[in-house]
S.K.: 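This structure is in structure tokens; I'll ask about it shortly.
Below, all heavy atoms of this structure are taken into account, side chains as well, without hydrogens, waters or symmetry copies.
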Amino acid sequence: MDYELVMQELESLGKERMKKTYFSNGAHEPLFGVATGAMKPLAKKIKKNQPLAEQLYATGNYDAMYFAGIIADPTAMTEADFERWIDGAYFYMLSDYVVAVTLAETDIAQAVADKWIASGEELRMSAGWSCYCWLLGNRPDSEFSTSKIASMLDQVEKTIHDSPDRTKSAMNNFIYTVGISYLPLHDKAVETAKAIGPVEIKRDKKKSSILLASENIQKEIDRGRIGFKRKYVRC
């Protein structure tokens, strides 16, 4: 399928209800309002197609950009490509659920994520922390440096309350993910979550939400899910 045909197909799958949902989360025009599940049959037809993914991502259309992440070939992407993609990720659903997810399937994931975490830019930092969540939740524990992940937990404890909101959310998820999916530091993640306590996320025109990693980790402990790993990063 070529670019024009894919855009037509995505437009036909759009729903006003989904557009409103995406708008409420920070998306803006252009977009069609396609549910992610509705993209799966189209993705099965195309499979991986990096040139097409690049065309779609460059549109600035949220649905096309999301679909680009589904059909991208991460192994064909360079660090420069990921920098270009994160530059185009204008809200967290793109930075954390498209760019970070795609990056997590590469050999350069940790190196790029480290740079983004150190960038001082809200969505780059958010994508960096989120990438580690995708990595820790999928790859064997042996692929990570325990001392490095421990240092990152310390960094979160010291800086989370003074970080931008989207970065706060990704950091909070990092603690949770270490606590659930990285057994060598389960206990330290639990201690860090307790030390941090409630994390407030402010929302435009909405009541602030409160994140509590310690409660969420405990729920997974009660379910017997410690050590959980996803089979795939991208669905």
Side-chain angles (χ1 to χ4, degrees), residues 1-78 81-106 109 112 116 122-124 126-131 133-135 137-138 165-166 169-170 173 177 201 203-206 209 229-235:
M1 296 180 76
D2 64 13
Y3 163 78
E4 295 290 345
L5 205 54
V6 171
M7 288 298 286
Q8 289 172 18
E9 188 73 19
L10 289 173
E11 185 172 9
S12 72
L13 294 169
K15 305 288 183 188
E16 279 301 315
R17 179 177 55 82
M18 288 307 302
K19 280 186 78 167
K20 290 177 182 176
T21 298
Y22 294 150
F23 281 142
S24 71
N25 280 282
H28 58 57
E29 293 284 6
L31 79 164
F32 302 131
V34 185
T36 55
M39 294 181 180
K40 288 184 178 181
L42 188 58
K44 283 182 180 177
K45 289 180 187 176
I46 297 170
K47 297 177 181 174
K48 288 182 181 178
N49 186 326
Q50 188 59 31
L52 179 56
E54 291 290 357
Q55 282 184 292
L56 293 169
Y57 198 85
T59 62
N61 177 300
Y62 170 67
D63 302 290
M65 295 170 83
Y66 192 97
F67 190 67
I70 296 175
I71 65 167
D73 180 0
T75 61
M77 296 180 71
T78 65
D81 292 328
F82 282 106
E83 290 293 345
R84 185 162 37 77
W85 276 39
I86 195 66
D87 282 341
Y90 66 86
F91 78 125
Y92 80 95
M93 288 174 70
L94 290 169
S95 62
D96 297 12
Y97 296 102
V98 177
V99 184
V101 172
T102 309
L103 177 61
E105 292 198 355
T106 71
V112 174
W116 290 352
E122 182 172 13
L123 290 181
R124 265 184 163 76
S126 179
W129 289 108
S130 294
C131 183
C133 294
W134 296 113
L135 288 167
N138 170 256
D165 284 335
R166 284 314 318 173
S169 183
N173 197 34
T177 305
I201 307 293
R203 301 180 183 278
D204 291 340
K205 301 176 184 177
K206 294 181 183 178
S209 59
K229 297 283 185 181
R230 295 183 191 84
K231 190 172 182 181
Y232 303 105
V233 177
R234 290 186 296 174
C235 296

S.K.: For A89 and L123, which heavy atoms make the closest approach, and how far apart are they?
M.R.: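 Between these two residues, the closest heavy atoms are O-CD1, 3.5 Å.
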
S.K.: Let me confirm one number: the CG-CG distance from N49 to D2, rounded to the nearest 0.5 Å.
M.R.: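 It is 10.5 Å, given to the nearest 0.5 Å.
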
S.K.: Can you find a pair of side-chain heavy atoms, one from M7 and one from N61, that are under 4.5 Å apart?
M.R.: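 Side chain of M7 against side chain of N61, heavy atoms only: contact under 4.5 Å found.
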
S.K.: Quick one: closest heavy-atom pair of M93 and Y62, and the distance?
M.R.: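 Heavy atoms of M93 and Y62 come nearest at CE-OH, 3.2 Å.
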
S.K.: Any chance you could measure F67, atom CZ, to L10, atom CG, to the nearest 0.5 Å?
M.R.: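 The CG atom of L10 is 6.0 Å from CZ of F67, to the nearest 0.5 Å.
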
S.K.: List the atom of M65, the atom of G88, and the distance in Å for their closest heavy-atom pair.
M.R.: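 It is CE-O, 3.3 Å.
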
S.K.: Does the side chain to side chain contact (heavy atoms under 4.5 Å, CB included) test come out yes or no for M77 and T106, once each step is laid out?
M.R.: CA-CA 8 Å; M77 296 180 71; T106 71; 5.6 Å; no

S.K.: May I ask you to test the D165-E122 pair for a side-chain heavy-atom distance under 4.5 Å?
M.R.: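 Yes, close enough: below the 4.5 Å cut-off.
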
S.K.: Count the heavy atoms of every other residue, nucleotide or ligand shown that sit under 6.0 Å from NZ of K20, and state whether that count exceeds 12.
M.R.: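 Not buried by this count: 12 neighbours or fewer within 6.0 Å.
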
S.K.: Looking at T177 and N173, would you say the former's side chain and the latter's main chain have a donor-acceptor pair under 3.5 Å?
M.R.: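 It does hold such a pair.
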
S.K.: Do you know which of L103, D96, V101 makes side chain to side chain contact (heavy atoms under 4.5 Å, CB included) with W134?
M.R.: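 Result: among L103, D96, V101, V101 is the only option passing the side chain to side chain contact (heavy atoms under 4.5 Å, CB included) with W134.
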
S.K.: Look up atom OG1 in T59 and atom OH in Y3, then write down how far apart they are to the nearest 0.5 Å.
M.R.: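 If I round to the nearest 0.5 Å, the distance is 5.5 Å.
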
S.K.: Would you compute the distance between atom CZ of R166 and atom OG of S130 and round it to the nearest 0.5 angstrom?
M.R.: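 So the gap between those two atoms works out to 7.5 Å.
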
S.K.: Rounded to the nearest 0.5 Å, how far apart are CD1 of I46 and CD1 of I70?
M.R.: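 The CD1 atom of I46 sits 9.5 Å away from the CD1 atom of I70.
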
S.K.: So do the side chains of N138 and E105 get within less than 4.5 Å of each other, counting heavy atoms only?
M.R.: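 No, side chains not in contact.
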
S.K.: Can you check whether G33's main-chain N or O pairs, donor with acceptor, with D63's side chain at less than 3.5 Å?
M.R.: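 Yes: the side chain of D63 pairs with the backbone of G33.
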
S.K.: At what distance, to the nearest 0.5 angstrom, does CZ of R17 lie from NZ of K19?
M.R.: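 Those atoms lie 14.0 Å apart.
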
S.K.: As a quick check of understanding, evaluate side chain to side chain contact (heavy atoms under 4.5 Å, CB included) for V99 and W116, giving each step before the final call.
M.R.: CA-CA 12 Å; V99 184; W116 290 352; 3.6 Å; yes

S.K.: Assess the residue pair T36 and Y66 against the criterion (side chain to side chain contact (heavy atoms under 4.5 Å, CB included)); give the C-alpha distance rounded to whole Å, side-chain angles, the decisive distance to 0.1 Å, and a yes or no.
M.R.: CA-CA 8 Å; T36 55; Y66 192 97; 3.5 Å; yes

S.K.: Return the minimal non-hydrogen interatomic distance between W85 and E54, and the atom names on each side.
M.R.: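 So the two residues come closest at NE1-OE1, 3.1 Å.
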
S.K.: Salt-bridge test for R84 and D81: reply yes if a basic N is under 4.0 Å from a carboxylate O, no otherwise.
M.R.: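 Here R84 pairs with D81 in a salt bridge, since their nearest N and O are under 4.0 Å apart.
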
S.K.: Would you call the rings of Y97 and Y92 parallel, tilted or perpendicular, where under 30° means parallel and over 60° means perpendicular?
M.R.: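 Y97 and Y92: perpendicular rings.
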
S.K.: Please check if the side chain of E16 supplies one atom and the backbone of M18 the other of a donor-acceptor pair under 3.5 Å.
M.R.: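 Looks like no, no N/O pair under 3.5 Å.
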
S.K.: Can you name the nearest heavy-atom pair linking L56 to A68, along with the distance?
M.R.: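 Smallest heavy-atom distance, with atoms named: CB-CB, 4.0 Å.
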
S.K.: Please step through side chain to side chain contact (heavy atoms under 4.5 Å, CB included) for the pair V34 and M39, ending with a clear verdict.
M.R.: CA-CA 7 Å; V34 185; M39 294 181 180; 3.8 Å; yes

S.K.: Restricting to non-hydrogen atoms, name the atom on A104 and the atom on A109 that form the minimum distance, rounded to 0.1 Å.
M.R.: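 Closest approach of A104 to A109, heavy atoms only: CA-CB, 4.1 Å.
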
S.K.: What I want to check is whether the side chains of E4 and Q8 have a donor and an acceptor closer together than 3.5 Å.
M.R.: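 Checked: E4/Q8 side chains show no N/O donor-acceptor pair below 3.5 Å.
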
